[in-house]
Amino acid sequence: MRRYTVANDNVVPIQNAANRRRRSLLPVAWRPIFDDLVLQLTTIDPVPVVALADQRFGKLRIEFASSIWPADLMAAKAIARAGVTCDQCGGTGTLCRTRDGAWARRCEPHVGLPGRIEPGV
C-alpha cells in the first residue's frame, strides 16, 4: 500500500515504512520539509530511504546510509530551511529554550510550549 502526503501542492509518495516512521517523529511543521526532501530524492532513487531524520537541540538532522553528493546537498538545503522555521506552525522561528528547557526552533507565540515532540501521522 502506498501512502501519500501533500507538500506544497505536490503529491509525495512516502513509499517505505522507514521514511513514514522517521517523518512521524519530526515536529509537525517540519514534516512538509521532509516531504519535499523525499520528493527531490526521487530524482536520484525511485524509492529513497532516509537513514536518520530527527530533531536534536533545535536542529533538523538528516543522514543517509551512504553518502551521495546530490542527496547530501538536498539534505543541507532542507536542514537550512528547518533552521529558520518554527517547528510548531511553520512560521519564522529562531533557536530558543522551551518552557521545559528543551532546545527548539520557535516563533514568539510558541516559545512557551513544551519542547517534547509527540509522534504522530
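Because the structure is a prediction, the values reported are computed rather than measured. Just the heavy atoms: all of them, side chains too, but no hydrogens, waters or symmetry mates, feed the values below.
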Next item on the list: Could you pull out all residues at least two apart from A75 that satisfy side-chain contact (heavy atoms from CB on, under 4.5 Å)?
Entry: I62, F64
Spacing of [atom1] belonging to [X] relative to [atom2] belonging to [Y], to within rounding of 0.5 Å:
| X | Y | atom1 | atom2 | answer |
| --- | --- | --- | --- | --- |
| R22 | L52 | CZ | CG | 7.0 Å |
| D87 | R31 | CG | CZ | 10.5 Å |
| T43 | L41 | OG1 | CG | 7.0 Å |

Whether the side chain of [X] engages the backbone of [Y] through a donor-acceptor N/O pair (distance < 3.5 Å, no angle test) should be reported.
| X | Y | result |
| --- | --- | --- |
| T42 | P46 | no |
| R105 | G58 | yes |
| R106 | L95 | no |
| Q55 | W103 | yes |
| N19 | V50 | yes |

Item checked: L73: hydrophobic cluster co-members (side-chain, 4.5 Å) ->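 Besides L73, the hydrophobic cluster comprises W69, listed by chain and residue number.
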Checklist line | Pairs flagged by salt bridge (charged side-chain N to carboxylate O under 4.0 Å, His left out) wherever residues 39-54 is involved - sequence neighbours left out | finding: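 As it turns out, the salt bridge (charged side-chain N to carboxylate O under 4.0 Å, His left out) pairs with a partner in residues 39-54, which skip direct neighbours, are D54-R56, D54-R61.
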Next item on the list: Please answer: with hydrophobic residues joined when any side-chain heavy atoms are less than 4.5 Å apart, are F34 and I79 in the same cluster?
Entry: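 Yes; tracing contacts between hydrophobic side chains, which count when under 4.5 Å, links both residues.
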